[in-house]
Amino acid sequence: MPREFISKNGAISIVHDEGQGPLVVLVSGLGGTAAFWQPVRQALARRYRVISFDQPGCGDAPVWGGVPSVSGLAQMLAEILDGAVPAIMIGHSTGGAIVQDYLSQALGPLPDAAVLSGTWAQPCPYMKALFALRLRSLKTDYSGDVAQYRAMTRLLGAAPADILSDDFAALPPQVDHDFARTQALRMQALLAFQGGALPDLPLLILGAADDRIIPAYHQQALAAANPRAHLAVLPEGGHFFPQSRSDWFIRALDDGLAASRQKSKQ
């Protein structure tokens, strides 16, 4: 059963803990929900103990009055783990930035291996321009059309080959100040992220060639900065490839981590 976890700063997350075996930690992106990982979580829980969580103000976690930061979310991750040593720590998109901060700052026991999926070390001009448009859609007073924002996110995050109809825009107008505020502050936090040096451990970096939110050249740059990392880029799958191509994602975990562990021994 999901449990409520209260961080030292008062922020509340909802933690899902399932399966048995070595510990795998899943950290989701801007949306911040454990549900993002559902197909991957189900597959991994057959052989691992899997922890995932709704981040403050996301999913079933209540709205938090503070201002989120990547470093604060990484500290929250360390508090949730409470000294447990993960076999694998996996972060997608903003979750990848959170994992990088956890690793570079050594906020807790290092995992045996880490996976950085659809993420970046430093925002590029394209990312800054794209997220500025997304922020503008929510408006500075958080009165923007949330349905339009959600539709834009789904459209940008999907693989172009998977968009077979025009229903992405067929949503009624919706205003949700709490959601808009949470997402806007989280976008500002991710744009402020600057990755640090990562420890020497088996590292797998995953991306999709048609990712229009965090382009694959970011994953290529991460791999270039970490020579022992193994890089795998899916030809198509969009930004949400852990969902849209979950079978590939699971295979890439197994094959890529084995290759990365071999590099680490060299």
In sequence, state the C-alpha distance, the side-chain angles, and the governing distance for Leu107 and Asp101, and then conclude on side chain to side chain contact (heavy atoms under 4.5 Å, CB included).
CA-CA 8 Å; Leu107 297 177; Asp101 196 81; 4.0 Å; yes

Is there a side chain to side chain contact (heavy atoms under 4.5 Å, CB included) between Leu253 and Leu204 once you walk through the steps?
CA-CA 8 Å; Leu253 288 181; Leu204 172 62; 4.1 Å; yes

Go through it in stages, so that I can follow the logic: the residues are Leu156 and Leu130, the test is side chain to side chain contact (heavy atoms under 4.5 Å, CB included), and I'd like the CA-CA distance, side-chain angles, deciding distance and then a yes or no.
CA-CA 10 Å; Leu156 287 169; Leu130 174 63; 3.8 Å; yes

Report the C-alpha separation of Trp64 and Asp178 in whole Å, then their side-chain angles, then the decisive distance to 0.1 Å, and conclude whether the side chain to side chain contact (heavy atoms under 4.5 Å, CB included) test is met.
CA-CA 9 Å; Trp64 180 52; Asp178 287 338; over 6 Å; no

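Counting heavy atoms from C-beta on, the side chains of Trp120 and Tyr217 never come closer than 4.5 Å. Side-chain contact between Tyr102 and Val25: absent, with no pair of heavy atoms (C-beta onward) separated by less than 4.5 Å. Between Leu222 and Thr119 the shortest side-chain heavy-atom distance falls below 4.5 Å. Residues Gln148 and Met152 have side chains not in contact (no heavy-atom distance under 4.5 Å, counting atoms from C-beta outward). Side-chain contact between Asp162 and Arg245: present, with at least one pair of heavy atoms (C-beta onward) separated by less than 4.5 Å. Side-chain contact check for Gln219 versus Leu116: every heavy-atom pair is 4.5 Å or farther apart. The shortest side-chain heavy-atom distance between Pro56 and Ile12 does not fall under the 4.5 Å cut-off. A heavy-atom distance below 4.5 Å is found between the side chains of Leu190 and Met127.
With hydrogens and angles disregarded, a donor-acceptor distance shorter than 3.5 Å links the side chain of Asp176 to the backbone of Phe179. Formation of a donor-acceptor pair under 3.5 Å by the Gln243 side chain with backbone atoms of Phe36 is found in this model. Using a distance-only test at 3.5 Å, with no hydrogens or angles considered, no donor-acceptor pair links the side chain of Tyr149 to the main chain of Leu135. With hydrogens and angles ignored, the 3.5 Å screen pairs a side-chain donor or acceptor of Ser69 with a backbone N or O of Gly72. For Arg134 (side chain) and Met187 (main-chain N/O), no donor-acceptor pair under 3.5 Å exists by modelled atom type. At least one donor-acceptor pair closer than 3.5 Å links the side chain of Asp210 to the backbone N or O of Gly238. Side-chain atoms of Arg212 come within 3.5 Å of backbone atoms of Leu155 as a donor-acceptor pair (strictly under, hydrogens ignored). Asn226 places no side-chain N or O within 3.5 Å of a backbone atom of Arg228 that could act as its donor or acceptor partner.
Between Arg49 and Glu18, no side-chain nitrogen of the basic residue sits less than 4.0 Å from a carboxylate oxygen of the acidic one, so the salt-bridge criterion is not met. Electrostatic pairing of Asp254 and Arg47 counts as a salt bridge here, judged by a charged N lying under 4.0 Å from a carboxylate O.
When all heavy atoms are compared, the tightest approach of His16 to Ala34 is CD2-CB, 3.6 Å. Looking at every heavy atom in both residues, Pro123 comes nearest to Gln194 through CD-NE2, 3.8 Å. What you find for Gln100 and Gly195 is that their closest heavy atoms are OE1-CA, 4.2 Å. Across all non-hydrogen atoms, the minimal contact from Asn9 to Ala11 is OD1-N, 3.0 Å. Nearest heavy-atom pair across Ala232 and Trp248 is O-CH2, 4.0 Å. Annotation for Cys58 and Thr182: closest pair SG-CG2, 4.2 Å, computed over non-hydrogen atoms.
Clustering ILVMFWY residues whenever any of their side-chain heavy atoms sit less than 4.5 angstrom apart, transitively, puts Leu44 in the very cluster that holds Ile88. Clustering ILVMFWY residues whenever any of their side-chain heavy atoms sit less than 4.5 angstrom apart, transitively, puts Val50 in the very cluster that holds Leu257. Hydrophobic clustering, with ILVMFWY side chains joined whenever heavy atoms are under 4.5 angstrom apart, groups Val146 together with Phe131. Using a 4.5 Å cut-off between side-chain heavy atoms of Ile, Leu, Val, Met, Phe, Trp and Tyr, with links allowed through other members, Phe249 and Leu203 fall into different hydrophobic clusters. Hydrophobic clustering of Ile, Leu, Val, Met, Phe, Trp and Tyr side chains at less than 4.5 Å, counting indirect connections, unites Val70 with Leu198.
Atom-to-atom distance recorded for His239:NE2 and Ser244:OG is 11.0 Å, nearest 0.5 angstrom. One distance of note links CG of Leu234 with CG of Asp211; it measures 10.5 Å at 0.5 Å rounding. We find the CG-CG distance between Asp17 and Leu23 to be 7.5 Å, quoted to the nearest 0.5 Å. Taking CD of Glu79 as the start and OG of Ser13 as the end, the distance is 9.0 Å to the nearest 0.5 Å. Within the model, atoms NE2 of His218 and CD1 of Ile205 stand 13.0 Å from one another, a figure rounded to the nearest 0.5 Å. Rounded to the nearest 0.5 Å, atoms CE (Met89) and CG (Leu201) are 10.0 Å apart.
Relative orientation of the His92 and Trp37 rings is perpendicular, given thresholds of 30° and 60° on the angle between their planes.
The closest side-chain donor-acceptor pair between Gln55 and Arg186 falls under 3.5 angstrom.
The side-chain contact (heavy atoms from CB on, under 4.5 Å) test with Phe53 singles out one residue from Ile14, Leu77, Thr33, Asp60, and that residue is Leu77.
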